[in-house]
Q: 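This is the structure, below, for whatever I ask next.
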Protein chains: 2
Amino acid sequence: MVTLAEVAQHAGVSASTVSYVLSGKRSISATTRQRVEQSIRELGYHPNAGARALASSRSNIIALMVPLRTDMYVPVMMEIAIAVATTARTHGYDVLLLTGEEGPDAVRRVTGSGLADAMILMDVELDDERLPLLRGTDQPSVLIGLPAETTGLTCVDLDFRATGALCVEHLAMLGHRDIAVIGEAPAVYERHTGFAERTLDGLRSRAQELGVGLLHRPCEGGYDAMAVTLARILDERPGTSGFVVQNESAVEPLLALLRQQGRAVPEDVSVVAVCPEQVAVQASVRLTSVAIPAQEMGRYAVEHLVAKLDGRGTDEVVLIAPELTVRASTGPAPAGRIS
Amino acid sequence: MVTLAEVAQHAGVSASTVSYVLSGKRSISATTRQRVEQSIRELGYHPNAGARALASSRSNIIALMVPLRTDMYVPVMMEIAIAVATTARTHGYDVLLLTGEEGPDAVRRVTGSGLADAMILMDVELDDERLPLLRGTDQPSVLIGLPAETTGLTCVDLDFRATGALCVEHLAMLGHRDIAVIGEAPAVYERHTGFAERTLDGLRSRAQELGVGLLHRPCEGGYDAMAVTLARILDERPGTSGFVVQNESAVEPLLALLRQQGRAVPEDVSVVAVCPEQVAVQASVRLTSVAIPAQEMGRYAVEHLVAKLDGRGTDEVVLIAPELTVRASTGPAPAGRIS
DNA sequence: ATAGTCAGTCGAAGCGCTTCGACAGCTTTT
DNA sequence: AAAAGCTGTCGAAGCGCTTCGACTGACTAT
């Protein structure tokens, strides 16, 4: 294992000079710099992470807390995680992967031990246990998702309220008068994960404004659960011609069931999904959808943290404006039908 | 930030004693231990990770290299990552998330800097660039996946050869005489990711042994690509009554297309999938499948690494035996059909 | 009774790096 | 020509922990 001291000796300078070449915190003459860089290359030197962390009290690591459960939004999580990791690398940071399992203890451990310089939390609940801890430390953090109370916190998320509104608008504009919402699993709502409620809120208030009917039904993923849910919806509101789906694992079952019942998409019914782009494109009908900007959120989170660690940056809540992409699953409401 | 020294003072012992209480590397009297543990709790002490790493040259971190691309097996990756993270925690390790982006450089960086004590590599190619580096270091590592040459390496993977064989057997036993294989995207084969080829190998050799016809077609995910692929298959072998699918994003499209063409599953055609359990269960037809044991692989990888780090454990290749679960997508081949 | 053993504790020497103050040799200002 | 300011470099003091050797006192074997 090559050390700084060995590089210094090889280059004929002092250890501190090598350190300054590496960090750029003091000016170094061009010739010295080159000599040192040459030695570093020749010896294959890599600074020791532990020593560096100890001396500088900076680990150059960002902790990322992902939810433990894999029942929801897995591709989104993965995409965010990868975006976080790659963005972090471009800023010289590595990413520590924490699962929600440890809960608040993980926050304590990481802050207390100096393992990471900053944290990104995913799957934030409305009244998350980890929040008081974050507020009580000076370690920067970004939440992906929105809790109930955001003072003193930095958050990024898709504007789910606007997303809901946008979906209803789109369907209403096409003439649909009765809309059903296939939501996440009941557990998601019980857990008070903000996004589901915010979407619903946006859906409802715009539906009311536009005077269209809205029926919301949570739904476990999978074909069987979807079959039951759909049957209930059509029983209760036979005239339903527009669907909004916010549940990846309900998308294909819904399409399959509609097809099976002889309801053509988009001729008879229209479907709008809130899902990652990939899901929308790869579905058996190319779905009109509002994409979940996973990459963008991951990138933003890291960049904000880096800014904070550099002494720039402030607490703020950023809601990303939703964009609805029209594909093949929505069309004008069937005419001559009494809703 | 509380330090060891402060704890020592608070407990009225020397710093080294506190250290030994923490590590258990020397015997400590019960009374002293209790006093120290009390002080640790009262002061809310957390050992500083950097200092610890520097002094012990152990970071207690395991690096996990995940593939950058999200075009394949995302849920499997995620499940593995989470299994790795949680298992690592139970052994006192944290997980550093590296993306494939940096390639071999990441390996150099991590080994060189002592950032991690060990590595887990996913998405291993047959002739992976990172392998020479792993062989050239004394840092333990486990590959999830199988390269062409495994000497000096530790690997875990599903036994894909046996998996292929098992799928063919199951279909043959049900009387299917012409089987089509929907494979991964062509890019996966070109990249020489071992698992795809090994599966194919298993499929082919067992098909030959059992005297059934086998047609293999790679397939991009999605509905459109699947439509083209299916049309070609049925054109070439109209009597095909059994399908083996090894491509998550082709599963639903295949089912949708079969349905649309009036081919009932499992009455007219049978489908066996190689996919995570969740996908098989949530599909619009509950799929007979060979599960990909993501959790098991992740757990094994970590446990093997921990064993190695403790001076136990050896290099070896572990192939997990496939298990085929019969669900609703396979049944006897339709009678009276000339294949 | 004396040597040997052992459990329990301490002190001190690092681990490899960052960073602060100091200083030598310049150039610029007055 | 002296004072002031740069620039580029060095030495040394830690950062908070682990770990080795040494020591003390009590206990066992002879």
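Lettering of chains follows the sequences in order, A, B, ..., and the numbering in each one begins at 1.
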Q: Can you identify which nucleotide, out of D:dC20, D:dG16, C:dG16, has its nearest atom closest to the A:Ala51 side chain?
A: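 Per side-chain heavy atoms of A:Ala51, the pick is C:dG16.
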Q: Among C:dT18, D:dC17, D:dT9, which nucleotide has an atom closest to any side-chain atom of A:Ser19?
A: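 Taking heavy atoms from C-beta onward, the closest nucleotide is C:dT18.
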Q: Check every atom of C:dT19, D:dT18, D:dT9 against the side chain of B:Ala55 and return the nucleotide holding the closest atom.
A: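 Nearest listed nucleotide: D:dT18.
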Q: Pick the nucleotide of DNA chain D nearest each of A:Ser27 and A:Ser16; which residue has the one closer to the 5' end?
A: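 The residue whose closest nucleotide sits nearer the 5' end is A:Ser27.
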Q: A:Arg58 side chain to A:Leu309 main-chain N or O, any donor-acceptor pair under 3.5 Å?
A: yes
Q: Please compare B:Tyr45 and A:Tyr20 by the position of their nearest nucleotide in DNA chain D and report the one closer to 5'.
A: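 The residue closer to the strand's 5' end, by nearest nucleotide, is A:Tyr20.
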Q: Look at B:Thr17 and C:dC10 and indicate whether a side-chain polar atom (N or O) is within less than 4.0 Å of OP1 or OP2.
A: yes
Q: Taking atom C1' of C:dG16 as reference, at what distance in whole Å does atom CZ of B:Arg58 sit?
A: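 Nearest whole value for this atom pair: 18 Å.
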Q: So does A:Arg52 get a side-chain nitrogen or oxygen closer than 4.0 Å to the phosphate oxygens (OP1/OP2) of C:dT18?
A: yes
Q: Any Lys/Arg nitrogen of A:Glu102 or B:Arg89 sitting under 4.0 Å from an Asp/Glu carboxylate oxygen of the other?
A: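 Here A:Glu102 pairs with B:Arg89 in a salt bridge, since their nearest N and O are under 4.0 Å apart.
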Q: Under the 3.5 angstrom rule, does the side chain of A:Thr87 hit a backbone N or O of A:Val84 as a donor-acceptor pair?
A: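 The answer is no, because no donor-acceptor pair under 3.5 Å joins these two groups.
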Q: Verify the contact: side-chain N or O of A:Ser14 to OP1 or OP2 of D:dC10, cut-off strictly under 4.0 Å; return yes or no.
A: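 Result: yes.
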Q: Taking all non-hydrogen atoms of both residues into account, name the closest pair between A:Met65 and A:Thr99 and its distance.
A: CE-O, 4.2 Å
